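Working notes, beginning with the structure itself.
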Amino acid sequence: MTMQCFGFHQGATPEDFSNLPPEQRRKKLQQKVDELNKDIQKEIDQRDALTKMKDVYTKNPQMGDAASVGQKLAEIGHNIEKLRFEVQKFEGWLAEVEGRLPVRNDNSRRQSGLYETQNTTTANNCAQDRESSPDGSYTEDQSQETEVKVTPTEFDDDFDDEEPLPTIGTCKALYPFSGTISVAEGEVLNVIEEDKGDGWTRIRRNEDEEGYVPTSYIEVYLDRNAKDS
């Protein structure tokens, strides 16, 4: 008969790693906290890119459905909240086990807590800005608005070019994306226009299929000769 209780089931690993010696338990908990914080940052990057896309679609509806992007943003927000809850839970266990160990490596835990606090503050500020903005768009700082704001005319003018732009490099998709062009994770495509500071890079799959993707979603490999020319 197999018992499900962690205290009696020899093969099971408790979520808080309480079956390990203190030092090993601390390392496992710290590793888990680091992994969760990376996942949070990944979700935040995706949220920021989708927020820009929603602003573009809101101002230029023919480019895409802003409502569907809004649904994705809501899902990402829910995911971030769940991940933050997990971080708090594991950091509580980490604080417990570190209290039983000699004072060492406490700085790493403080940095982890600071990282989470900064993310929470940033997310709360972004949410408040979106709610107070009448058109649903927001900027955290006036100077940043100049750098990241995307206007529909930028896309329209680019796609009105009669001659196709030359390839200046390649890129690999780090995450799946669906917008003016759909890409799959790991897909390699051609780069035809660098990020101009608005957070978007123009890519091409073939002669008839090109569009913009968030720069944070891809890893770019520019051809030096093409860039110099």
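Computed from a predicted model, the values in this text were never measured in an experiment. Basis for what follows: all heavy atoms, side chains included, without hydrogens, waters or symmetry-related copies.
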What distance do [X] atom [atom1] and [Y] atom [atom2] have between them, rounded to the nearest 0.5 Å?
X	Y	atom1	atom2	value
N79	K72	CG	NZ	13.5 Å
L189	I218	CG	CD1	8.5 Å
N37	R84	CG	CZ	9.5 Å
D198	K52	CG	NZ	7.5 Å
Q46	K42	CD	NZ	8.0 Å
Q24	N19	CD	CG	9.5 Å

Quick one: which residue pairs count as a ring pair (Phe, Tyr, Trp, His ring centres under 6.0 Å) with a foot in residues 165-188, not counting sequence neighbours?
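Output for this query lists Y175-Y217, F177-Y217.
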
Look at the side chain of R204 and the backbone N and O of L165, then say whether any donor-acceptor pair between them is shorter than 3.5 Å.
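Yes, the answer is positive, given that a donor and an acceptor are paired below the 3.5 Å cut-off.
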
Treating R25 as the side-chain partner and D16 as the backbone partner, does any N or O pair qualify as donor plus acceptor under 3.5 Å?
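Flag set: sc R25 to bb D16 pair under 3.5 Å.
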
For D48 and S216, what are the C-alpha separation, side-chain angles and deciding distance, and is it a side-chain contact (heavy atoms from CB on, under 4.5 Å)?
CA-CA 10 Å; D48 292 345; S216 60; over 6 Å; no

Can you check whether [X] reaches [Y] side chain to side chain, under 4.5 Å on heavy atoms?
X	Y	result
E193	W200	no
E86	E15	yes
D34	Q31	no
R47	I44	yes
T170	N190	yes

According to salt bridge (Lys or Arg N to Asp or Glu O under 4.0 Å), who are the partners of E185, at least two apart in sequence or on a separate chain?
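With sequence neighbours excluded, E185 shows a salt bridge (Lys or Arg N to Asp or Glu O under 4.0 Å) to no residue whatsoever.
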
Excluding sequence neighbours, so at least two apart, what forms side-chain contact (heavy atoms from CB on, under 4.5 Å) with [X]?
X	answer
D45	Q41
L174	E219
S68	D65

Qualifying residues under ring pair (Phe, Tyr, Trp, His ring centres under 6.0 Å), relative to Y57, sequence neighbours excluded:
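Partners of Y57 under the ring pair (Phe, Tyr, Trp, His ring centres under 6.0 Å) test: none.
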
Which pair of heavy atoms, one from V191 and one from C171, lies closest together, and at what distance?
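Result for this residue pair: CG2-CB, 3.7 Å.
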
Residue that, paired with E194, satisfies side chain to side chain contact (heavy atoms under 4.5 Å, CB included) out of V220, L222, T215, T201:
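Result for side chain to side chain contact (heavy atoms under 4.5 Å, CB included) with E194: L222.
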
K89 atom NZ: more than 12 heavy-atom contacts under 6.0 Å:
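Yes, because the 6.0 Å sphere around NZ of K89 holds more than 12 heavy atoms from other groups.
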
Report the C-alpha separation of M53 and L50 in whole Å, then their side-chain angles, then the decisive distance to 0.1 Å, and conclude whether the side-chain contact (heavy atoms from CB on, under 4.5 Å) test is met.
CA-CA 5 Å; M53 186 193 306; L50 288 175; 3.8 Å; yes

